[in-house]
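Down below is the structure, laid out as structure tokens.
The analysis underlying the following values was restricted to heavy atoms, covering all of them including side chains, and did not include hydrogens, waters or symmetry mates. To find a chain, count down the sequence lines: A is the first, B the second, and so on, and within it residues start at 1.
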Amino acid sequence: MLIEQFLTQAICQTVNVLFQIQLTPQDITVQRTNKEFEGEYTLVVFPYVKHSKLPPPETANLIGNTLIKNFNNEILAYNSVKGFLNLVLSHTFLLNVFKTIHSIKNYGYEVENSKNKTIMVEYASPNTNKPLHLGHVRNCLLGYSLAQILKTQGYHIIKASIVNDRGVHICKSMYAWQQLSNGETPQSSGIKGDHLVGKYYVLFNNLYKKEVEELLLKGLTKEEAEKQAPCMLAVNNMLVKWEAKDEEVLTLWKTMNNWVYKGFDETYEKLGVNFDLVEYEHNTYLYGKTVIKEGLNKKVFYKKDNGSVCVDLTPDGLDEKVLLRSNGTSIYITQDIGTAIERFKNHPQLIKLIYTVGNEQDYHFKALFKTLEKLNYTWAKDCYHLSYGMVELPDGKMKSREGTVVDADDLIESMISTAQQTTEELEKTSHFDESEKIQLYKTIAMGALKYFILKVDPKKKMLFDPKESIDLQGHTGPFIQYTFARIQSILSKINSTDTIEFNAIDLHQKEKELIILNHDFKQVLQNAANQYNPAILANYIYEVAKLFNQFYSTCPIIKEHNTQKQNFRIQLIKQTANIIKPAMLCLGIEVPNRM
RNA sequence: GGUUCCGUAGCUCAGCUGGAUAGAGCAACAGCCUUCUAAGCUGUGGGUCAUUGGUUCGAAUCCAAUCGGAAUCACCA
């Protein structure tokens with residue numbers, strides 16, 4: 001950022017004078033120089049040949065000559081290859097850049113809430129009829145990480161979850177439990193609450209399937225059978241009773257939901273995610289109805305003959321969307337309209353509302369935002385759907401009915417035991433005490449899992465093979481954690497000061513690269529925040545760790561006897577650690593001091 | 001059928017506001033622990049960037065068409 005700013009200004013000034021044109025620094029872009037050429041930054045001169053009226057190489061030479069003449073403190077030399085002008089930055093300039101970023105506390109960060117603006121990130125938002133699975137894990141990690149990243153840009157962040165705690169799905173679990181459980185509870189069975197409720201959800205589906213088959217044998221059509229299956233009738237009846245606040249049903253509903261919440265909380269804790277605001281749908285699902293009425297009065301919506309209320313989105317390339325059932329009850333989008341309005345009403349500083357939801361709902365959110373726009377809410381444009389791809393298994397999509405879902409708790413457990421096994425094989429922890437070991441296994445396991453998920457672009461689908469455990473080597477979370485631990489180890493063996501007395505030292509290639517990469521951190525954080533994409537940060541921090549490891553194997557510190565040089569290297573790796581740690585925390589990944 | 005998204009090495013992924021000979025990791029092979037942690041470093045092999053056309057000095061990147069995959073088009077959530 002600092003460097004690009006300087007270069008674009010310098011180049012802008014130069015070409016304006018040379019070619020009698022009027023560009024601004026924003027019109028100029030520089031890029032990093034390719035490995036095989038000398039230099040750090042490159043200007044592509046093709047855009048300027050029509051002004052210079054010279055062939056590209058001569059244009060490059062002309063610009064290069066003028067630059068080193070006018071900016072000889074910063075630019076040491078240049079070389080031009082075809083139309084590419086490669087600039088070699090001076091060591092003092094790079095050292096000054098380094099001193100600048102090193103002197104800034106929390107480089108790359110804005111003070112929390114300094115913008116006095118609020119962003120709400122909604123994620124997780126589970127149904128309460130079954131435990132969390134790998135898809136939820138991706139959702140939670142993305143949402144949490146994005147919230148952390150946005151926080152670094154000076155926003156006040158509200159992490160929100162809206163729990164879908166009512167409806168047919170939970171009634172299915174309730175009915176099956178009533179019929180089949182003999183009063184089984186998490187306490188009596190030792191089963192985690194969400195898994196227990198999930199178990200009865202599965203049992204319900206089995207029962208339903210059996211009943212439908214029986215009815216089919218009796219000669220009913222498939223459609224009739226699916227509607228008339230006794231258990232389904234019972235569930236529908238239960239839902240009616242719930243809405244009528246039947247005490248028995250309500251008590252059971254509360255009991256079973258509480259089992260689930262307790263289970264979810266454990267899983268969230270293991271994932272290291274949390275929320276500032278938890279809403280429950282049974283409280284919020286009626287909000288939207290009055291809005292629909294208003295829209296009807298304003299003629300934004302219309303009532304169809306059968307009594308349902310619709311909005312016409314065909315001018316916007318979408319379809320006609322039903323907003324209220326003919327029997328007057330609300331549906332998904334009705335609720336979402338209501339909660340969005342409530343949220344902007346309750347939080348006056350809210351400038352962005354981000355929904356972390358899978359891409360299967362792209363259409364829904366388009367319709368939702370468009371509808372809000374039609375209702376003339378100016379903030380409709382501030383709603384954003386963070387859409388992410390499904391997690392797929394080698395043999396296709398996860399399907400709960402076929403039992404191919406990867407359960408979140410199971411996955412975490414197996415990651416921990418993999419981490420433990422590998423760590424023991426490497427004999428890393430012989431002098432760790434027992435509790436430290438357990439902590440470390442968890443840290444590594446979650447680091448591997450989180451990084452594995454966050455490094456891929458959210459919008460792309462990703463593949464997970466349960467048969468192969470997630471790697472701990474290479475482009476992984478543990479690699480970065482390991483790098484951090486090494487830095488801590490070096491620092492602990494050296495009595496370091498914080499002086500930055502290193503003025504006239506020669507920089508090794510890897511040192512230059514590491515300075516520049518450190519310097520890029522601010523821009524990367526901004527990009528990740530602006531594009532709502534934690535993967536940008538994840539891939540960047542791997543580059544940093546990789547470069548550190550290369551630097552580390554070529555530039556010894558303890559063996560370096562030039563004290564200025566040694567001090568510089570110490571400060572450089574300190575700064576690197578100062579970037580790795582917060583970046584990893586933005587991804588929700590802990591970094592251990594030793595491993 | 002309409003709409004949207006995706007297609008890069010054997011596998012998992014970067015790169016996409018157009019720039020030089022397309023990058024990592026895993027897997028395979030060959031080196032490096034008497035020197036700050038070998039979960040590391042160095043090297044080798046591996047590519048028709050789905051296909052075809054267009055835009056231009058220049059295309060994995062932008063546009064169009066085609067092929068392949070996915071999602072969605074519910075008075076489900």
Measuring to OP1 and OP2 of [N], would you say a side-chain N or O of [X] lies under 4.0 angstrom away?
X      : N      : result
A:R486 : B:rA38 : yes
A:K546 : B:rG25 : yes
A:T422 : B:rA39 : no
A:K460 : B:rG7  : yes
A:K461 : B:rA71 : no
A:Y363 : B:rU72 : no
A:R325 : B:rC76 : yes
A:Q473 : B:rG25 : no

*With sugar-phosphate meaning primed atoms plus P, OP1 and OP2, does A:L472 contact a base, only sugar-phosphate, or nothing at under 4.0 Å between heavy atoms?*
base
*Is the closest basic N to carboxylate O distance between A:E590 and A:K450 below 4.0 Å?*
no
_Short N-O contact, A:E373 and A:K370, less than 4.0 angstrom_ = yes
Considering only side-chain heavy atoms of [X], which listed nucleotide, [options], is closest?
X      : options                : value
A:D457 : B:rU4, B:rG19, B:rA14  : B:rA14
A:Y542 : B:rA20, B:rU37, B:rG25 : B:rG25
A:F46  : B:rG19, B:rA20, B:rC36 : B:rG19
A:K35  : B:rA20, B:rA24, B:rA38 : B:rA24

*asked:* Given A:Y540, which partner from the list A:N527, A:L525, A:L517 fulfils the side chain to side chain contact (heavy atoms under 4.5 Å, CB included) test?
replied: A:L517
_A:F464 and side chain to side chain contact (heavy atoms under 4.5 Å, CB included): which single residue from A:L134, A:V137, A:I453 fits?_
A:L134
_Show me the dot-bracket string of RNA chain B, counting Watson-Crick or G-U pairs under 3.5 Å, with | for pairs to another strand and [ ] for crossing ones._
(((((((..((((.....[...)))).(((((.......))))).....(((((..]....))))))))))))....
*In whole angstrom, give me the gap between the C1' atoms of B:rU34 and B:rG25.*
32 Å
*asked:* Tell me if a side-chain donor or acceptor on A:R32 pairs with a main-chain N or O of A:Y41 at a distance below 3.5 Å.
replied: no
*Nearest 0.5 Å please: distance from the CD1 atom of A:I162 over to the OG1 atom of A:T339.*
5.0 Å
*On RNA chain B, nearest-nucleotide positions of A:D319 versus A:N549: which is more 5'?*
A:N549
*asked:* Quick check on RNA chain B: between A:V168 and A:N34, whose nearest nucleotide comes earlier from the 5' end?
replied: A:N34
*Could you tell me whether B:rC11 is syn or anti, where syn means a glycosidic angle within 90 degrees of zero?*
anti
*Using centres under 5.5 Å plus planes under 30 degrees as the test, is A:Y482 stacked with B:rG40?*
no
*Ring stacking, A:F479 with base of B:rG40, under 5.5 Å and under 30°?*
no
*Less than 3.5 Å between a donor and an acceptor, one on the side chain of A:T42 and one on the base of B:rA20, is that the case here?*
yes
*Please evaluate the base of B:rU37 for a donor-acceptor partner in the side chain of A:K428 within a cut-off of under 3.5 Å?*
yes
*Walk me through it: do A:E436 and A:R594 pass the test salt bridge (Lys or Arg N to Asp or Glu O under 4.0 Å)?*
CA-CA 10 Å; A:E436 234 185 328; A:R594 54 180 191 150; 3.0 Å; yes
*Please check if the distance between the ring centroids of A:F19 and A:H51 is under 6.0 Å.*
no
